[in-house]
Amino acid sequence: MRTQYRLGIDAGGTFTDFILADKEGSTQIFKVLSTPTEPTKAIKNGLALITEETGLTAQEIVSNSDLCINGTTVGLNALITHTGAKTGLIATKGHEDSIEIRLGHKEDGYRYDPDYPPATMLVPRHLRKGVSERVISDGTVKTPINEEHVREACRYFIAEGVESVAVSFVWSVLHPEHELRAAEIVREMMPDVRLTIGSQLYPQVREYTRTSTAIVNAYLAPILQRYVEAIDAYFRELGSQHPVRYFQSNGGLALGKVVSDQSVYAINSGPASAPQAALDVAEPWGDKNIITCDMGGTSFDITLTKDGQANVNKNIDFLRYRIGIPMIQVETLGAGGGSIGWIDSMGLMQMGPQSAGSEPGPACYGQGGENPTTTDANLTLGYLNADGLVGGRLPLDVEKARGAIQSKLADPLGISVEKAAYGMFTIVNNNMVNAIRRVSVERGYDPRDFVLMGAGGATGAHITALAREMGISKVLISKLASGLCAYGQIISDVKYNYMAPAPIRLEGAEAAEKLDGLFKSLEERGQEDLAGDGFSEDRISIRRSLDMRYVGQVHECTVEIDPFDVTEATLEDIKAAFHARHKELYTYDEPNSAVEVVNVESTIAGHVDKPKRMTIAAGTGAHETLKGTRPMVFNADGVAQDTPVYDGAAMGAGDTLHGPAVIEEVTTTIVVEPGWTVNLHDSGVYVLTADATAEDRAVDQLKELAEV
């Protein structure tokens, strides 16, 4: 760290988390309610809270911070709610409907479902305008661009009040001149419009993916631009000496201008920092296989790290829209603390995906919410302290929680409030377990080979139940867990992705020379950009990947390689890596078949100094931190048992306790089920381990499921 502080801000659907680290190694977490309609207000509220807690003014913190980092859900929320900018598309004539044709099928999982409705088009048909022009697959021009068609489109867009325009032509990645000329005309006639050029944003083969990615970017660009300008201006007013960094979905930081120009990279930026944070938390134990679960007020996000590498997806359907750029794989489920319990048409209890969010929030918040939520269930079961969340700043009303559960669930089902609450708890856990299986079991990973990492303010109440169901015997929960993604931001590097189309068959010296030149030209651009951002050569690293396939295949797979000179000899190493990856994914390879590259990508990272790891003093025994007991329910019979409650803030390194128990931290509550032991490490991490009998029971359950 170059200065005294580093500040990370993660704006979620219900809470906005703040992590403040100083160069002496102190790391503090703060939480305030999010303000979705006015995102900057939550930041002001959070800085005011930090001032109240530490005595440091916002100006002192910001002006003495080497990095102020912001992860935002603004783009994600706009995409979910379809409240992005009014967007127009300029496409090759005859290809205006490629985003609606969608490769001729629906998303995986719904491909053959005739009742599954089509996706809402971000650009309605009347705002998709065709231009006479055509480039063919070898990059030559078949039909020159008709500039008058572009002008006609602009005149129509002006009359319709279009705010943002995407330009995407067929095979523009091999001959971008037509797109660039169209962009010049748009800028000339619509100087205030936001403009996205498909071949610059996503220079990769595949027209539908490129066009869809460009449209999503254009749809979000004005929203992100206004957000970035407001945040940047606010931090400049506070005396910031360095530009605000924004977290991207690719797992790295970027400047505000980059985020506003390439808004698609900011869609899922919040949970994308979880893998980096999880690896840092688990470093003292050398754990590299980690499943991170982040349960907030609105959603439940899962990321998986195998052998120290986070899963990265490209060319996926996200919220029903095809996005080509690389994104940390995040499985998101509508299962947060605000998930609403309801009864379906068959008389069965369900949980979510509807959420009470932060406004009005769960019934127990006393802000007008009338529906029973996961938080209401946890309060009724005794897991949460009625004195309130966030150190008592958010008091909880037990009677309102019980009343909502009774009127909406317990009475209609003819069961007690406690049984209904435990049913809610169990159902939301099962929903989360199914989501964990999707990122582990369904991708060939045995969850028992992984550590479960708790993140988010609500996860601690469910973490041992989730581990028990998955057969996982080790859980890690940092004292910073409720702001783990914000922590991940302050230890992450600046990262940019540079791409190019590369239709090359991997044979001969000419192919090697062309591939080598492509990589080096991309990496020269990246190094220049990072050098301009203040990074010296020794702080820049490069990672390469190629989209490859056997000649004749329709789809390709991504292969990662180290940076090296591509020669005719090293082509064999690249092909060997492809054969191995193909076999890993599809159980077979064809070593004697010809191999071709479709696209290449270089990821350039500028490494930032990491703050010192948190350390805590030795404890004097968990019994010294016992706050008292309260009745809690741990099984479906709804019968409560008196359970010890410990003050997490008073616990020290080496303190150990056994479940059932609850540990209350200021911003999270950890429920330790019977059969679990907890030890607090000097890095501020709770290590939860299942006793042998509990682990054996979990293994037996998995065997029974396998037999079924």
Side-chain angles (χ1 to χ4, degrees), residues 7-20 28-54 58 70-74 76-78 80-81 227 230-231 234 269-271 294-301 334-340 352 354-376 378-379 384-398 400-401 404 455-461 480-487 489 664-669:
L7 178 67
I9 305 169
D10 179 39
T14 303
F15 288 100
T16 296
D17 302 330
F18 295 76
I19 290 285
L20 180 65
Q28 297 172 272
I29 181 170
F30 308 87
K31 292 177 88 73
V32 297
L33 286 172
S34 293
T35 52
T37 57
E38 193 180 348
T40 54
K41 183 179 178 182
I43 296 178
K44 294 177 182 179
N45 293 342
L47 289 173
L49 174 62
I50 295 175
T51 298
E52 180 184 331
E53 292 284 333
T54 66
N70 184 220
T72 176
T73 58
V74 167
L76 177 64
N77 292 340
I80 291 172
T81 58
Y227 178 80
I231 298 295
Y234 176 60
S269 69
D294 186 339
M295 185 180 185
T298 306
S299 64
F300 180 71
D301 300 315
S339 291
I340 294 171
Q354 307 94 325
S355 174
S358 60
E359 298 174 357
C364 62
Y365 281 13
Q367 298 178 161
E370 297 180 352
N371 292 310
T373 67
T374 305
T375 300
D376 295 309
N378 288 337
L379 180 61
L384 302 181
N385 191 335
D387 289 343
L389 303 176
V390 198
R393 283 187 168 80
L394 185 59
L396 303 179
D397 191 320
V398 178
K400 286 183 177 177
T459 309
L480 303 173
S482 66
L484 196 70
C485 288
Y487 177 70
Q489 293 169 13
E664 292 182 345
E665 287 281 347
V666 175
T667 58
T668 191
T669 298

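For the numbers below, each heavy atom of this structure counts, side chains included, while hydrogens, waters and symmetry mates do not.
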Undergrad: For S482, which residues count as a side-chain hydrogen bond (donor to acceptor under 3.5 Å, both in side chains) partner, sequence neighbours excluded?
TA: T667
Undergrad: Tell me every residue that passes side-chain contact (heavy atoms from CB on, under 4.5 Å) with A481, counting only those two or more places apart in sequence or in another chain.
TA: I477
Undergrad: Tell me every residue that passes side-chain hydrogen bond (donor to acceptor under 3.5 Å, both in side chains) with E38, counting only those two or more places apart in sequence or in another chain.
TA: none
Undergrad: Report the residues that fulfil side-chain contact (heavy atoms from CB on, under 4.5 Å) with T16, sequence neighbours left out, ordered by chain and then residue number.
TA: I9, A11, F18, V32, S34, A42
Undergrad: With side chain to side chain contact (heavy atoms under 4.5 Å, CB included) as the test, would you mind laying out the steps for K44 and T35 before giving the verdict?
TA: CA-CA 11 Å; K44 294 177 182 179; T35 52; over 6 Å; no
Undergrad: L396 versus Y365: any side-chain heavy-atom pair under 4.5 Å?
TA: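 Answer yes - side chains close enough.
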Undergrad: Can you name the nearest heavy-atom pair linking T668 to G456, along with the distance?
TA: OG1-O, 4.0 Å
Undergrad: Can you list the residues that meet the side-chain hydrogen bond (donor to acceptor under 3.5 Å, both in side chains) rule with Q28, with sequence neighbours excluded?
TA: none
Undergrad: Atom CD1 in I29, atom CD1 in I50: separation rounded to 0.5 Å?
TA: 10.5 Å
Undergrad: OH/Y227 to OG1/T40 distance, rounded to the nearest 0.5 angstrom?
TA: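 If I round to the nearest 0.5 Å, the distance is 8.0 Å.
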Undergrad: For G369 versus P360, what's the shortest heavy-atom pair and its separation?
TA: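 Nearest pair, atom of G369 first, then P360: N-CB, 3.6 Å.
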Undergrad: Only counting residues at least two apart or in another chain, list the ones meeting side-chain hydrogen bond (donor to acceptor under 3.5 Å, both in side chains) with N45.
TA: none
Undergrad: Output yes when a side-chain donor or acceptor of S269 lies under 3.5 Å from a complementary backbone atom of G71, and no otherwise.
TA: no
Undergrad: Could you give the distance from CD (E52) to CG (L47), rounded to the nearest 0.5 Å?
TA: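 Taking CD in E52 and CG in L47, the distance rounds to 13.0 Å.
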Undergrad: Output the distance between atom CZ (F30) and atom OG1 (T54), rounded to the nearest 0.5 Å.
TA: 5.5 Å
Undergrad: Kindly give the heavy-atom pair with the smallest separation between G483 and I19, and that separation in Å.
TA: O-CG1, 3.7 Å
Undergrad: Mind checking the CD-CG spacing from E665 to L480? Nearest 0.5 Å is all I need.
TA: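 Here the interatomic distance stands at 9.0 Å.
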Undergrad: Which residues pass the side-chain contact (heavy atoms from CB on, under 4.5 Å) test with P271, sequence neighbours left out?
TA: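 Residues passing side-chain contact (heavy atoms from CB on, under 4.5 Å) with P271: N268, D301, V330.
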Undergrad: What residues form a salt bridge (Lys or Arg N to Asp or Glu O under 4.0 Å) with D294, not counting sequence neighbours?
TA: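 Per chain and number, D294 pairs via salt bridge (Lys or Arg N to Asp or Glu O under 4.0 Å) with no residue.
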Undergrad: Just verifying a value: how many Å separate Q354 CD and N371 CG, rounded to the nearest 0.5 Å?
TA: 9.0 Å
Undergrad: Tell me every residue that passes side-chain contact (heavy atoms from CB on, under 4.5 Å) with T373, counting only those two or more places apart in sequence or in another chain.
TA: I340, A356, P362, T375, D376
Undergrad: Which pair of non-hydrogen atoms, one from K31 and one from G457, has the smallest distance, and what is that distance?
TA: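 Shortest heavy-atom separation between K31 and G457 comes out as NZ-N, 4.4 Å.
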